[in-house]
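Notes for the one structure printed next.
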Amino acid sequence: MAEAEKNQEVAADGLVPRLEKEEKEEDEEVVSSSGKQEEEQQVVEKIPEKQEDLMEKLEGLTVTNVADKAEDMADKPETVVNSERQQLDAAVEAETEIKKVMADDTPYTSAKTFEELNLSPELLQGLYSEMKFEKPSKIQAATLPMIVTPPYRNLIAQAHNGSGKTTCFVLGMLSRVDPKLKVPQAICVCPTRELVIQNEAVVVKMAKYTGVTTASTANADSSNSLTHSVSRRDRIVDQVIIGTPGTLKRWMTRDKILDTRSIKILVFDEADQMLDQSGFQDDSMRIMRDIDRSQGNCQVLLFSATFGEKVKQFALRTIPRANYIFVEKEALSLDAIKQYKIHCPNPGAKIDVLQNRIFPAAEKLGQSIIFVRTRQSASELHKRLEADGYKCTSIQGGLSHEERDHVIQEFRSGETKILIATDVLSRGFDQAQVTLVINYDIPVKSVPPYTPEFETYLHRIGRSGRFGRKGAAFNLLVTDQDERNLRKIEQHFNIMISDVAWDDDTAIEKVLKDAGLA
DNA sequence: AAAAAAT
């Protein structure tokens with residue numbers, strides 16, 4: 001206990017505030033030391049090489065308590081593993097730690113049931129009768145004991161798309177808040193409005209019997225909200241707060257309606273994006289630091305299906321004394337989602353493929369999401385398809401909140417089968433009926449040389465095949481650059497994406513049968 | 001040759 005308190009002190013005046021001062025140097029540090037850190041990372045993440053199915057892949061999760069190492073590294077970075085001999089030792093150590101993960105004196109054992117987590121009867125009832133859960137999924141079994149057991153260690157967790165991450169952190173939040181205390185006690189930060197709404201719905205459902213209430217940034221500015229609207233004047237009395245980073249930050253600083261002094265747990269959903277420099281890093285760090293300053297005793301959870309190498313290193317350095325779980329990138333592209341590429345001779349052929357091949361098949365299958373690169377192409381493609389008599393909708397960040405909500409509501413209800421979207425929907429969106437994902441444009445970086453955005457690719461195709469269901473993804477290619485980028489994607493995940501002829505009447509149908517969808 | 005949030 002004394003040890004835990006000591007650690008908290010370090011957290012309060014140590015790592016987080018330091019970042020603000022050294023933000024500029026941070027970049028250089030990543031470049032200069034990433035080589036060493038990568039080496040160590042590779043040996044720590046020892047995962048079986050060939051894996052046959054999903055279960056085995058999930059068995060391959062590596063759980064490591066990095067607390068001591070992190071402190072070592074902070075004190076004397078020169079002790080970072082630098083010889084083969086040491087790497088070997090670290091690998092052996094990592095292997096052992098998979099089976100025996102320690103937080104202080106408490107060994108974590110994987111939770112086979114929800115009962116053994118000491119949850120309140122009300123919360124258990126929500127899990128069983130509302131959520132219809134029977135027992136923890138793999139990632140839940142591995143992380144829940146670490147989340148809900150003192151000393152409430154920080155956690156960085158990577159797990160496959162659709163494997164049940166949301167339940168991990170929602171249950172984590174709900175298990176730690178006191179319903180009798182009418183102050184904010186848990187915050188969940190998400191990258192999009194849609195994800196805020198989706199996560200809030202899960203919290204409300206799971207919390208049904210607990211008396212815990214929620215507030216979210218999504219219904220703050222509109223009158224027709226699902227729960228209740230939060231006026232800017234009122235201090236928030238709900239226990240669980242879900243929101244996008246900008247509004248949360250404003251609530252904490254300018255509006256002063258979000259009191260952070262009783263926050264016990266802070267969750268970042270899609271954490272790699274939330275901590276990425278080209279993402280929400282500034283806002284996220286600010287939120288973390290403000291909470292830390294107001295009471296220095298807050299558990300931080302990071303969840304995502306992807307952690308690119310750079311942001312992973314940043315997370316490990318930023319979140320003090322964290323347990324972590326990582327998955328090799330090669331193990332992330334699930335067999336359950338069949339991936340294909342269709343080479344189109346010209347841009348017009350892409351429309352042709354959509355209308356004559358994908359739409360007829362898709363309408364029989366379930367629901368589909370077509371991803372495009374820009375807002376403009378989303379609305380243009382939408383207009384074009386609609387003009388040709390094809391029923392679909394589109395969503396992108398340029399629409400009003402009301403329009404976005406309406407489009408999502410229509411898609412959720414099944415009224416619309418085909419949704420065109422920018423990357424506003426590439427992450428986290430959970431709709432079981434989505435069986436088909438079409439990359440109308442391949443995700444690429446915004447700056448030359450326009451290399452592929454691997455993480456975005458994985459998140460997009462992960463919109464299908466939710467929770468072990470079957471799914472398929474089609475990549476439409478026109479230019480040589482498209483071809484090169486798809487090849488890079490194949491190399492990156494070590495997969496083979498098979499070719500489908502664009503002008504063959506039966507090819508797509510046949511392929512969908514192979515994918516187990518037709 | 002970007003998206004997201006928000007100012």
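Quick caveat: nothing in here was measured; it's all calculated off a predicted structure. Reminder, nothing fancy here: chain letters follow the sequence lines and each chain counts from 1.
- Atom CH2 in A:W251 sits about 15 Å away from atom P in B:dA5, given to the nearest Å.
- Remark: A:R404 is not in phosphate contact with B:dA3, judged by side-chain N or O atoms under 4.0 Å from OP1 or OP2.
- At least one cation-pi condition fails for A:K341 and A:F474: the charged atom is not both under 6.0 angstrom from the six-membered ring centre and inside a 45 degree cone around its axis.
- Between A:R286 and A:D290 a salt bridge is recorded (basic side-chain N to carboxylate O distance below 4.0 Å).
- The base of B:dA5 has none of its N or O atoms less than 3.5 Å from a complementary donor or acceptor on the side chain of A:T244.
- A:T456 comes within 4.0 angstrom of nothing in the nucleic acid, heavy atoms only.
- Within residues 368-376 of chain A, the residues that have a heavy atom under 4.0 Å from DNA chain B are, in order of number, A:R373, A:T374, A:R375.
- Geometric assessment of A:K350 against the ring of A:Y440 yields a positive cation-pi assignment under the 6.0 Å and 45° thresholds.
- By the 6.0 Å contact criterion, CD on A:E386 is enclosed, its count of non-hydrogen atoms from other residues, nucleotides or ligands being greater than 12.
- Note on A:T422: a side-chain N or O is less than 4.0 Å away from OP1 or OP2 of B:dA4.
- Heavy-atom contacts from other residues, nucleotides or ligands closer than 6.0 Å to NZ of A:K208 number 12 or fewer.
- We find that CZ of A:R427 is positioned 13 Å from P of B:dA5, with the value rounded to whole Å.
- For the salt bridge (Lys or Arg N to Asp or Glu O under 4.0 Å) test, no residue two or more places apart in sequence or in another chain qualifies with A:E455.
- A side-chain N or O of A:D272 and one of A:T306 form a donor-acceptor pair less than 3.5 Å apart.
- Rounded to whole angstrom, the span from the CD1 atom of A:I287 across to the P atom of B:dA5 amounts to 14 Å.
- Atom CZ of A:F280 is separated from atom P of B:dA3 by 13 Å (rounded to the nearest Å).
- Residue A:R193 contributes atom CZ, which lies 17 Å from atom C1' of B:dA3 at whole-angstrom precision.
- Distance, A:Q396 CD to B:dA3 P: 9 Å, rounded to whole Å.
- Among the heavy atoms of the strands lying under 4.0 Å from A:Q481 is at least one base atom, whether or not backbone atoms are also near.
- Atom C1' of nucleotide B:dA3 and atom CZ of A:F429 are separated by 17 Å, given to the nearest angstrom.
- A:P191 comes within 4.0 angstrom of the backbone, heavy atoms only, and of no base.
- The distance between atom CG of A:D269 and atom P of B:dA4, rounded to the nearest whole Å, is 17 Å.
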